[in-house]
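What follows is one structure encoded as structure tokens, with my remarks underneath.
Numbering starts at 1 and runs along the sequence shown.
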Amino acid sequence: MAGAPESQRSFFRGVLLLFIAVGIFTLLDSCSKYLSRWYPVPSVTWARYAANLVVLLAFLGATGRLRLLKTARPGIQVARGLLLAGATALFFTSLTVLPLAEASAIGFVMPLFLALLAVPMLGERMDGARLAAVVVGLAGALLVARPGGAAFTPYALLPVGMAVCNALYQILTRKVAGVEPALTSLVWGALVGALLFSLALPCYWVTPTDPFHWALLGAMGVLASVGHFILIKAYDHASATGLAPFFYLQFAWILVVGWLVFGDFPDGWSLVGMGVIAGSGLYVIGHQRLAVRRG
């Protein structure tokens, strides 16, 4: 019994770290949406990863920890980087058309995919009640996207693709969490993304002329570095399925930032869909806690 309170404290530390991380990611997405008014998405995405990589290498060099560039799991690290790059490109592209709240809400099916994929990939358990919550959550995403409606755009499908890539990325992150230093996983994600989008850079690059835009491009690298480091540390304290429902806490960040920065606020159906998605996640939490007590 002595280990139970410490285990609970560790779990809550993971949730707190996750809440901070998703808030940072909301600011990162907002920078991308703003910059995409003037620059092609591949250019913005490249800047996000290049600035991220520069920040990380400067930090590692300044602290004498360049040895952390070496990884014992290169295959997993490259796969993580490719999945994260794909998720970023899909989501940033969706933000050129969709409001921040709606695009993010559709992307919130990611924890549902994570709960499903964690079963075969991490050996975690999926029962009927959790599966039902996943189905309900997907129905909530349909309420937000409303395919077939007058306001529907194919761009609404891009956050779904992002969610699949991101769920796989989270699972691979969980596989290396506690095995390799968080900074190693972080720098490899930035390195793969920077190299990948550098290939497309000559076709898309537009040089900013506004100093504020340069500042935002640099800020994206800092936000990505800090956000992903905190997320990786969160997985040191809690499991993938344990943290998955708490990604819905990002709703609070998104509604506030979307309204303050872009003047966007979801309509009634979108708010209902967000509530359905969040409710399905909260159900998973309660069901999981009950299963732990019975176990």
Checklist entry - If you count the non-hydrogen atoms of other residues, nucleotides and ligands that lie under 6.0 Å from OH in Tyr34, is the total more than 12? => result yes
Next on the checklist: For Trp259, is the CH2 atom crowded, meaning more than 12 foreign heavy atoms sit under 6.0 Å from it?
Outcome noted: no
Item to check | Hphob cluster co-occupancy, Phe92 + Tyr204, side-chain heavy atoms under 4.5 angstrom | outcome: no
Checklist entry - Looking at Ile24, Leu223, Leu100, which one forms a side-chain contact (heavy atoms from CB on, under 4.5 Å) with Asp29? => result Leu100
Checklist entry - Should Val222 and Met220 be regarded as members of a common hydrophobic cluster, given that ILVMFWY residues are connected when their side-chain heavy atoms come within less than 4.5 Å of each other, either directly or indirectly? => result yes
Next on the checklist: Can you tell me how the ring of Trp253 sits relative to the ring of Phe19, calling it parallel under 30°, perpendicular over 60° and tilted otherwise?
Outcome noted: tilted
Checklist entry - Is there a path from Trp188 to Val179 through hydrophobic residues (I, L, V, M, F, W, Y) whose side chains come within less than 4.5 Å of each other? => result no
Item to check | Distance-minimising heavy-atom pair for Lys33 and Pro99 | outcome: NZ-CA, 4.2 Å
Checklist entry - Would you call Gln77 and Glu180 a side-chain contact if the rule is heavy atoms closer than 4.5 Å? => result yes
Item to check | Atom of Leu255, atom of Ala101 and distance for their closest heavy-atom approach | outcome: CD2-CB, 4.5 Å
Checklist entry - Going by the angle between their ring planes, with limits at 30° and 60°, are Phe197 and Tyr49 parallel, tilted or perpendicular? => result parallel
Checklist outcome for this item: Smallest heavy-atom separation, Gly189 atom then Arg80 atom, equals N-NH1, 4.4 Å
Checklist entry - Do Ser32 side-chain atoms and Leu28 backbone N/O form a donor-acceptor pair below 3.5 Å? => result no
Item to check | Close side-chain approach of Leu18 and Leu231, heavy atoms under 4.5 Å | outcome: yes
Checklist entry - Looking at Leu69 and Leu57, what are the two nearest heavy atoms and their distance? => result CD2-CD2, 3.9 Å
Next on the checklist: For Ser225 versus Leu186, what's the shortest heavy-atom pair and its separation?
Outcome noted: O-CD2, 3.3 Å
Item to check | Heavy-atom donor-acceptor pair, Ser94 side chain to Ala156 backbone, under 3.5 Å | outcome: no
Next on the checklist: Side-chain heavy atoms nearer than 4.5 Å, only ILVMFWY residues, links allowed to pass through others: does that put Val54 and Phe59 together?
Outcome noted: no
Item to check | Residue pair Leu83 / Asn166, side-chain heavy-atom distance below 4.5 Å | outcome: no
Checklist outcome for this item: Tightest non-hydrogen contact, residues Pro208 and His213, listed as CB-CB, 4.2 Å
Next on the checklist: My understanding is that only residues two or more places apart in sequence, or in another chain, count here; which of them pass side-chain hydrogen bond (donor to acceptor under 3.5 Å, both in side chains) with Thr45?
Outcome noted: none
